[in-house]
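Scroll down for the structure; my scribbles are underneath it.
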Amino acid sequence: MFALIDGNSFYCSCERAFDPTLRRKALVVLSNNDGCVIARTHEAKDLGVKMGEPWHLVQKRYPAGQLAWRSSNYGLYGDMSRRMFVVLRDLVPSVEPYSIDEMFLDMTGLDDLHSRSVDIRARVLRAAKIPTCVGIGPTKTIAKLANAVAKKDRAGSGVCDLSDVRVREALYQTMAAGEVWGIGGASAAKLERIGVKSIAQFLEVPGPLVRAQLSVVGERVQRELRGDSCLPLSLLPARRKSLAVTRSFGQRVSEWPQMEQALAAYATRAAEKLRGHQLVASAMQVFVMTNRFSKGEPSYANQVTFALRPTNDTFELVAMAVAAGRRLWRDGFRYQKSGVVLIDLVPREECPPDLFAETDGDRAPRIMTALDAVNRRFGRGTLRQASLVQTPAWSMRRANISPSYTTRVGDMLKVRS
DNA sequence: TCTGGGGTCCTAGGACCC
DNA sequence: TCTGGGGTCCTAGGACCC
């Protein structure tokens, strides 16, 4: 038997844990650059604030003081998540962190799951200051569904137990297939086209038809909903496969030097993340795009993916990202977003030690290595000149790089194409 | 003007090889 | 005339998730 515990309005609850004046207030947490709403307390939901709504629209709608807000602070949320994990680890046989605010619990061998879950919630609230809900079921998908039910019943116990098949079947009649974990908007629309609305109707669709419409993923969801567990608890965290640093610009970019600085900053941050995870990248993807929302304006989006000599070196990654970006760049567009994605990540210990570098040390040889790597990849003469320049503060802010990091990195590689 | 960022998995189709 | 067929690898794109 599985349980899924998740923090209610997690980011908001984290902010409240450290600022009691926010309690019982309508509160939202905003995305990077304060672009849009990514977490809402139920008071904010009651005011009509929607998930993902642009903040500039929401802000206008409410008089000052009615809606409190915070910029996101992922360091804090990560810490709070670890606190939750530590509390839970002592209460159940095993815990699988699923996302920053959700954990699957192994409940095998435990009895009286409902009151035990009520107790788990109380302990997490006491020790980690996070209010939660718990869903129980024989598969992960059912536990997830139960959790959603528990969350909807605001006045309830915060626990929903779907281990009884009769309880489930009654519920399946009333719940839409689209509410199931793994059935998103596109799949729900496909199901509606063949006359399926409720979960109960979804379970009546023959396997081959489900497979044709929703692929093996849909088939698995169907089996899980029947109580046939296909998704085991995984206790070892999966190895990370990719890592991205992407940002929308505060103001549109139409000059290459700004794009160059942005890509350099993203690659710098990506290299830092890479080393933080003890990984080395064997491929890179760089993309640029204009605003996908604006109509009547010339739009352009392009990306390039290429192999790297496995590396975690800032200079090399920066040089590669900038050279690739230059190749994608077209004059005459107002760019809205760009990004650097590192893929084919390999644990550092699996690579010969001479293949990677640390951030400190002599820079000159590494600049030459980076130049060399870029010219090998993009053709001789792609980079003719390289020098060290101070990265402007704005691009550091854009990439969410802290001042302390800025001083550590100091200069950046500037390349000209 | 302003509309996030970071992930995973699956499938189809092309290139290439034998 | 009859232009196979299976395997692998890579990439693009779609869908989903938090």
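Nothing here was measured: the structure is a model prediction, and the numbers come from that model. Letters go in sequence order (proteins before strands), and every chain restarts at 1.
The side-chain hydrogen bond (donor to acceptor under 3.5 Å, both in side chains) with A:Lys151 is formed by just one residue from the set A:Thr132, A:Asp6, A:Asn8; it is A:Asp6.
Across all strands, A:Asp101 comes closer than 4.0 Å only to sugar-phosphate atoms, never to a base (heavy-atom distances). Using a 4.0 Å heavy-atom cutoff across all strands shown, A:Glu53 reaches no nucleic acid atom at all. Using a 4.0 Å heavy-atom cutoff across all strands shown, A:Val216 reaches sugar-phosphate atoms only and no base atom. At a threshold of 4.0 angstrom between heavy atoms, the contacts of A:Leu243 are confined to the sugar-phosphate backbone, with no base atom among them.
The ring pair (Phe, Tyr, Trp, His ring centres under 6.0 Å) check on A:Phe104 picks up A:Tyr98, A:Trp181, with sequence neighbours excluded. Qualifying side chain to side chain contact (heavy atoms under 4.5 Å, CB included) partners for A:Asn73, counting only residues two or more places apart in sequence or in other chains: A:Glu15, A:Leu76, A:Tyr77. By the side chain to side chain contact (heavy atoms under 4.5 Å, CB included) test, A:Gln285 is found to be paired with A:Gln303, A:Thr305, A:Val341, residues two or more places apart in sequence or in another chain being considered. Partners of A:Arg24 according to the salt bridge (charged side-chain N to carboxylate O under 4.0 Å, His left out) rule, which considers only residues two or more places apart in sequence or in another chain, do not exist here. Remark: A:Glu192 pairs with no residue by the salt bridge (charged side-chain N to carboxylate O under 4.0 Å, His left out) rule, at least two apart or across chains. Residues meeting the salt bridge (charged side-chain N to carboxylate O under 4.0 Å, His left out) test with A:Arg220, sequence neighbours left out: none.
Atom-to-atom, CZ of A:Phe249 to P of B:dC2 comes out at 13 Å; the value is rounded to the nearest Å. Rounded to an integer number of Å, the gap from CZ of A:Arg334 to C1' of B:dC2 is 12 Å. Distance A:Lys241 NZ to B:dT8 P: 7 Å, rounded to the nearest Å. The CD1-P distance, from A:Ile38 to B:dG4, rounds to 11 Å in whole Å. Rounded to whole Å, atom P of C:dC18 lies 14 Å from atom CZ of A:Phe10. As a whole-Å value, the separation of A:Gln251 CD from B:dT3 P is 11 Å. We find that CG of A:Leu214 is positioned 12 Å from P of C:dC17, with the value rounded to whole Å. The OH atom of A:Tyr77 sits 17 Å away from the P atom of B:dG4 (whole-angstrom rounding).
Residue pairs meeting the salt bridge (charged side-chain N to carboxylate O under 4.0 Å, His left out) criterion with at least one member in residues 121-131 of chain A, sequence neighbours excluded, are A:Asp119-A:Arg123. The salt bridge (charged side-chain N to carboxylate O under 4.0 Å, His left out) contacts involving residues 43-52 of chain A comprise A:Arg16-A:Glu43, A:Asp46-A:Arg154, where partners must be two or more places apart or lie in separate chains.
Under 3.5 Å, the side chains of A:Arg223 and A:Thr141 contain no donor-acceptor pair of N or O atoms.
Ranked by how close their nearest DNA chain B nucleotide is to the 5' end, A:Arg220 and A:His277 are led by A:His277.
Between A:Arg61 and A:Glu53 a salt bridge is recorded (basic side-chain N to carboxylate O distance below 4.0 Å).
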Kindly list each side-chain donor-acceptor pair under 3.5 angstrom involving residues 79-91 of chain A, sequence neighbours excluded, with atom names and distances?
from, atom 1, to, atom 2, distance (Å)
A:Asp79, OD1, A:Arg82, NH2, 2.8
A:Ser81, OG, A:Ile100, O, 2.6

*asked:* Expected output check: what is the dot-bracket annotation of DNA chain B, where ( ) and [ ] are pairs inside the strand (brackets for crossing ones), | is paired with another strand, and pairs are Watson-Crick or G-U under 3.5 Å?
replied: ....||||||||||||||

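Side-chain N/O atoms of A:Arg240 include none lying less than 4.0 angstrom from OP1 or OP2 on B:dT8. Remark: A:Gln336 is in phosphate contact with B:dT3, judged by side-chain N or O atoms under 4.0 Å from OP1 or OP2. A sub-4.0 Å separation between OP1 or OP2 of C:dC17 and a side-chain N or O of A:Ser99 is absent.
Listed for the A:Thr41 side chain is no donor-acceptor partner under 3.5 Å among the backbone atoms of A:Ala26.
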*When every nucleotide of nucleotides 9-16 of chain C is labelled 5' to 3' by its protein contacts under 4.0 Å (heavy atoms), B for base, S for sugar-phosphate only, - for none, what sequence of letters results?*
---S--SS

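The stretch residues 201-210 of chain A has no heavy atom under 4.0 angstrom from DNA chain B at all.
Comparing the C1' positions of C:dG4 and B:dC16 gives a spacing of 15 Å, expressed to the nearest Å.
Candidate nucleotides B:dG7, B:dG4, C:dC18 were compared by shortest atom distance to the side chain of A:Glu102, and C:dC18 ranks first.
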